[in-house]
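For the numbers below, each heavy atom of this structure counts, side chains included, while hydrogens, waters and symmetry mates do not. Both ligands and their constituent atoms are indexed starting at 1 by order of listing.
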Amino acid sequence: MRDSLALTSRPEVISFAGGLPAPELFDIDGIRSAYEHVLRESGSRVLQYSATDGDPALRDAIARLLARAELPTVADDLLVTTGAQQALYVLAAALLQPADVVLVENPTYLAALQVFRSVHAQVVPVPTDDDGIVVEALRELVAEHRPRMVYLVPTFQNPTGHTLPADRRAAVSRIAAANDMWIVEDDPYGELRFRGERLPLIASYEESAQRTILLGSLSKLLAPGMRLGWLRASATVRAACAVVKQAIDLHSSTIDQAAAAAYLAASDLDGRIARARLLYGERCDALLDALARTLPRGSSWSRPNGGMFVWVRLPDGFDTTALLPAALAERVAYVPGAPFYAGAADSSTLRMSFSAHPPAEIREGVERLAAVLDGRQWDGRERS
Ligand code: PMP
């Protein structure tokens, strides 16, 4: 599949595969000015080694972002990481022993599964419905496996786009507190809401505040190429994570952190987020409309209120992994659902990202996909 996905970057392919921010949203001039500013004003500092915890001004700016999301936070609560991906790795390495059980939503973020497997944790999938993790199932699996950790993407999940309602967030918090379990709340998409009201972060629930590690990222707000993320955790967890991070890269890039801090101080971030929400909302609607018009009867799909992903289920019997080469031949790409499952996979699922294409391209891409599905049998072979 890695080989197939490499083909998705060919220019003639309309790819719903990657979770790429819309390039039109990159503020190239603003970011260039931020780099120029820090090089001019403090060149010898930003080209030097720096502290593992991260740039104080950047941590302040992130703390303000979180406080705005109704999670009181100070700079000292945060460890800056090289993307949220590194935050995931350092906390897994710091908190898990081989064979420790980690519960995950089924399906879940593919690269989180890779992290947990790389530290030899035992990953146990928890069933989900259209609202995310099913609380009853979580309760039963906690009793059965005594897990060390539950990993969740509660808001605009990758890959499904689902959002966990407030009552389930409260239940997760209570279950973790009663069972001495870490909660990892991965929230790279929370600011990208284009419908509905913001929900409380699980990290804001009192019972589990000390056992929740919140991950965030500048990838979807500024630029993923800067590789800046963070984790917010108790002092003990942060210290353990900092030791692991030191072993990996000593600290995240000094100049990139300084430029991000300068950018956040000078720019109208609210305005930029508002623009992103509008753009992604339009693109999401374009995809949902096109799916409704073209997918075979019996298909279903998620209707996200934010983020970048729609999760599609084709009628029983379709195998999206087997269909991918035919889709690529039609110059359209997606990610088959199978690798997102920690347990038995539903092979008729696929993930489509709407963020990187204007509506007209989205419509064209879905038409190409529909043409592939129309001409195929369930196993990807051409109908005779
Ligand atoms: N968590 C989730 C759920 C993601 O979707 C992603 C990005 N695809 C990440 C973490 C990693 O993000 P970053 O670019 O900050 O490393």
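Among protein heavy atoms, atom 5 (O) of ligand 1 sits closest to Tyr189 OH, 2.5 Å. Here the heavy atom of the protein found nearest to atom 11 (C) of ligand 1 is Tyr109 OH, 3.6 Å. Given atom 2 (C) of ligand 1, the protein heavy atom at minimum distance is Asp186 OD2, 3.4 Å.
Between Thr82 and ligand 1, a contact under 3.5 Å exists for no N or O pair. An N or O contact shorter than 3.5 Å is missing between Val153 and ligand 1 by distance.
Screening Ile14, Leu350, Val310 for a side chain to side chain contact (heavy atoms under 4.5 Å, CB included) with Tyr334, the sole residue that qualifies is Leu350.
The ligand atoms of ligand 1 that sit less than 4.0 angstrom from a heavy atom of Pro188 are 1 (N), 2 (C), 3 (C), 4 (C). Close contacts of ligand 1 with Ser217, meaning ligand atoms under 4.0 Å from a residue heavy atom, involve 13 (P), 15 (O). Within ligand 1, the atoms closer than 4.0 Å to a non-hydrogen atom of Arg227 are 13 (P), 14 (O), 16 (O), numbered from 1 in the order shown.
Contact annotation: for Ser219 versus ligand 1, heavy atoms closer than 4.0 Å belong to the side chain alone.
Under the 4.0 angstrom criterion for non-hydrogen atoms, Gly19 is not in contact with ligand 1.
Distance check: Arg59 CZ to Leu79 CG gives 7.5 Å after rounding to the nearest 0.5 Å.
Salt bridge status for Arg195 with Asp285: present, with a side-chain N to carboxylate O gap under 4.0 Å.
Thr160 and Ser302 share no donor-acceptor pair across their side chains, judged by distance under 3.5 Å alone.
Counting non-hydrogen atoms of neighbouring residues, nucleotides and ligands closer than 6.0 angstrom, the NE2 atom of His145 exceeds 12 such neighbours.
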* To do: Apply side chain to side chain donor-acceptor pair (under 3.5 Å) to the pair Thr155 and Arg169, showing each step before the final yes or no.
  => CA-CA 10 Å; Thr155 309; Arg169 292 173 188 235; 2.9 Å; yes
* To do: Go through the steps to decide whether Leu66 and Trp230 satisfy the test side-chain contact (heavy atoms from CB on, under 4.5 Å), and finish with yes or no.
  => CA-CA 11 Å; Leu66 292 176; Trp230 61 87; 3.9 Å; yes
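Between Phe340 and Tyr109, the distance separating the two ring centers is not shorter than 6.0 angstrom.
For atom 8 (N) of ligand 1, the choice among Lys220, Gln86, Gln157 with the nearest heavy atom turns out to be Lys220.
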